**Q** 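One structure, as structure tokens, below. Some questions next.
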Number of protein chains: 2
Amino acid sequence: MSFTIKEASERLGCPAHTIRFYEKEGLLPYIKRDRHGNRLFEQDHLDWIRLMTCFRATGMKISLLKQMVNLALDGDATIPQRKAILNQYKEQLFRRQNELAEALDAVNNKLAIYEEIEEGRLPSESRLLNQMEDRHNQQTKRE
Amino acid sequence: MSFTIKEASERLGCPAHTIRFYEKEGLLPYIKRDRHGNRLFEQDHLDWIRLMTCFRATGMKISLLKQMVNLALDGDATIPQRKAILNQYKEQLFRRQNELAEALDAVNNKLAIYEEIEEGRLPSESRLLNQMEDRHNQQTKRE
DNA sequence: GCTTGCCTTAAAGTGTGCTTTAAGCCTTAA
DNA sequence: TTAAGGCTTAAAGCACACTTTAAGGCAAGC
């Protein structure tokens with residue numbers, strides 16, 4: 001069972017142009033063609049594209065994906081190197097988790113401050129942007 | 001107490017050029033200058049830059065930061081709009097958390113498969129890239 | 001006085017990852 | 001048979017966020 005690029009695109013929710021781009025970048029070796037030169041994708045390819053999309057969405061660079069493809073093409077002997085790459089990437093994922101947690105903290109903090117200002121429990125000049133805003137108000141009043 | 005751009009840069013771990021870029025983009029209103037035209041940063045500015053850096057690291061667009069600055073400059077009446085922006089951003093953070101969790105799952109899965117292949121408990125053609133690799137091997141053997 | 005070094009600005013350049021365009025071929029339906 | 005619509009390619013274009021370059025000013029130390 002193989003799929004046209006349109007079918008692949010639909011199943012993956014990924015533009016056909018992007019899939020072609022990935023193939024051109026060497027991320028999709030061994031895509032067969034029909035007698036008209038149209039690409040024929042196997043289920044493996046769809047799985048691999050899905051995995052790449054997942055990794056891409058979380059910051060893996062295309063150059064790193066390409067390295068992994070190239071290593072895979074060189075056989076099982078490169079598995080240690082592929083593991084090393086994935087472990088580094090995993091570290092990156094942990095760092096991003098921390099960044100997200102920090103940002104979530106910061107945004108909740110900011111939202112809480114806005115609520116307090118809205119309820120009159122905090123003067124508007126309390127923090128950060130609000131200070132600038134206040135300075136702006138003072139300035140315009142002086143004019 | 002105010003800081004030169006160099007001090008700000010050192011304290012924030014952020015290139016001076018980037019800080020100037022942010023000011024040019026309108027993200028840092030009301031930066032004063034000394035008699036030579038050199039920027040003088042207040043603690044508020046450093047705090048705000050730090051917050052922006054945190055938001056930027058987790059995918060907030062500069063255009064959105066700018067919107068927030070512009071709203072803040074328009075006073076407390078815009079707090080509901082700022083809250084709306086932050087709440088949307090918060091949704092985005094949650095989506096990213098899910099993406100990270102999925103990627104972490106996928107990478108652990110892949111690592112587990114590599115270990116099994118290394119230990120001989122799985123043939124190398126088992127999944128995804130390994131299949132391509134296998135196809136490659138067959139092909140080269142046929143030649 | 002002159003060099004060093006940091007500051008200023010505006011503008012051009014870079015890296016990444018698509019996305020769009022242009023030109024053309026093949027198949028199918030009217 | 002001809003127009004529509006999908007496929008192909010190579011190449012150009014775009015969005016984003018810096019980053020680098022170029023040209024020059026000011027101040028302190030030798």
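Owing to the predicted nature of the structure, the values given are computational and were not obtained by experimental measurement. Residue numbers begin at 1 in each chain, while the letters A, B, ... track the order of the sequences.
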**Q** To the nearest Å, give me how far apart NE2 (A:His17) and P (D:dC14) are.
**A**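 Distance check: A:His17 NE2 to D:dC14 P gives 16 Å.
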**Q** Please determine if a side-chain N or O atom of B:Tyr22 lies less than 4.0 Å away from the OP1 or OP2 oxygen of D:dC18.
**A**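 True: B:Tyr22 side-chain N/O within range (under 4.0 Å) of D:dC18 OP1/OP2.
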**Q** Output the rounded distance in Å from CZ (B:Phe21) to P (C:dA10).
**A**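 Between P of C:dA10 and CZ of B:Phe21: 14 Å.
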**Q** How many whole angstroms separate atom CZ of B:Arg20 from atom P of D:dT20?
**A**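 Atom-to-atom, B:Arg20 to D:dT20, this comes out as 13 Å.
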**Q** Return whichever of A:Lys24 or A:Gly37 has its heavy-atom-nearest nucleotide of DNA chain D closer to the 5' end.
**A**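 Here A:Gly37 is the residue nearer the 5' end.
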**Q** Partner of D:dA27 by Watson-Crick or G-U wobble geometry, both contacts under 3.5 Å, or none?
**A**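 Its partner is C:dT4 (Watson-Crick or G-U wobble, both distances under 3.5 Å).
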**Q** Look at the side chain of B:Asn38 and decide which nucleotide, out of C:dC7, C:dC18, D:dT21, has an atom nearest to it.
**A**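 Of the candidates, C:dC7 comes closest.
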**Q** Is A:Arg33 touching bases, backbone alone, or none of the nucleic acid, heavy atoms closer than 4.0 Å?
**A**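 If one applies the 4.0 Å heavy-atom cut-off, A:Arg33 turns out to touch the sugar-phosphate alone, with no base involved.
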**Q** Specify the separation, in whole Å, of atom CD1 of B:Ile19 and atom P of C:dT9.
**A**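 For the pair B:Ile19 CD1 and C:dT9 P, the rounded distance is 13 Å.
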**Q** Atom CD1 of A:Ile62 and atom C1' of C:dC18: how far apart are they, to the nearest Å?
**A**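 From A:Ile62 CD1 to C:dC18 C1': 8 Å.
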**Q** Indicate yes or no: at least one non-hydrogen side-chain atom of A:Thr78 is less than 4.5 angstrom from one of A:Gln81.
**A**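 Side chain of A:Thr78 against side chain of A:Gln81, heavy atoms only: contact under 4.5 Å found.
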**Q** Could you check how far CE of A:Met60 sits from P of C:dG15, rounded to whole Å?
**A**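 Distance check: A:Met60 CE to C:dG15 P gives 21 Å.
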**Q** Compare the minimum distances between each of D:dG6, D:dT8, C:dC7 and the side chain of A:Lys6, then state the nucleotide with the smallest one.
**A**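 Ranking D:dG6, D:dT8, C:dC7 by closest atom to the A:Lys6 side chain puts D:dG6 first.
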**Q** Looking at every strand, decide which applies to A:His36 at a 4.0 Å heavy-atom threshold: base, sugar-phosphate, or nothing.
**A**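 Sugar-phosphate contact only.
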**Q** How long is the straight-line distance from OH of A:Tyr89 back to CG of B:Leu111, given to the nearest 0.5 Å?
**A**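 Atom-to-atom, B:Leu111:CG and A:Tyr89:OH are 11.0 Å apart.
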**Q** Determine: side-chain N/O of B:Arg56 to OP1/OP2 of D:dC18, distance under 4.0 Å, yes or no.
**A**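 Result: yes.
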**Q** Taking OP1 and OP2 of D:dC7, is either one under 4.0 Å from a side-chain nitrogen or oxygen of A:Arg39?
**A**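 Negative; the distance criterion is not met.
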**Q** Any non-hydrogen side-chain atom of B:Phe21 less than 4.5 Å from a side-chain atom of B:Leu27?
**A**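 SC-SC contact between B:Phe21 and B:Leu27 ruled out.
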**Q** Under 4.5 Å between any side-chain heavy atoms of B:Asp76 and A:Glu118, yes or no?
**A**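 They are not in side-chain contact.
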**Q** I want to check one thing: is the phosphate of C:dT19, taken as OP1 and OP2, less than 4.0 Å away from some side-chain N or O of A:Thr18?
**A**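 So the side-chain polar atoms of A:Thr18 do come within 4.0 Å of the phosphate oxygens OP1 or OP2 of C:dT19, strictly under.
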**Q** Write down the distance between CD1 (B:Ile31) and P (C:dT9), rounded to a whole number of angstrom.
**A**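 Checked: the CD1 to P distance equals 11 Å.
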**Q** Specify the separation, in whole Å, of atom CG of B:Asp34 and atom P of C:dC6.
**A**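 It is 16 Å, rounded to the nearest whole Å.
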**Q** Salt bridge check: are B:Glu23 and B:Arg33 linked by an N-O gap of less than 4.0 Å?
**A**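 Result for this pair is yes, salt bridge flagged.
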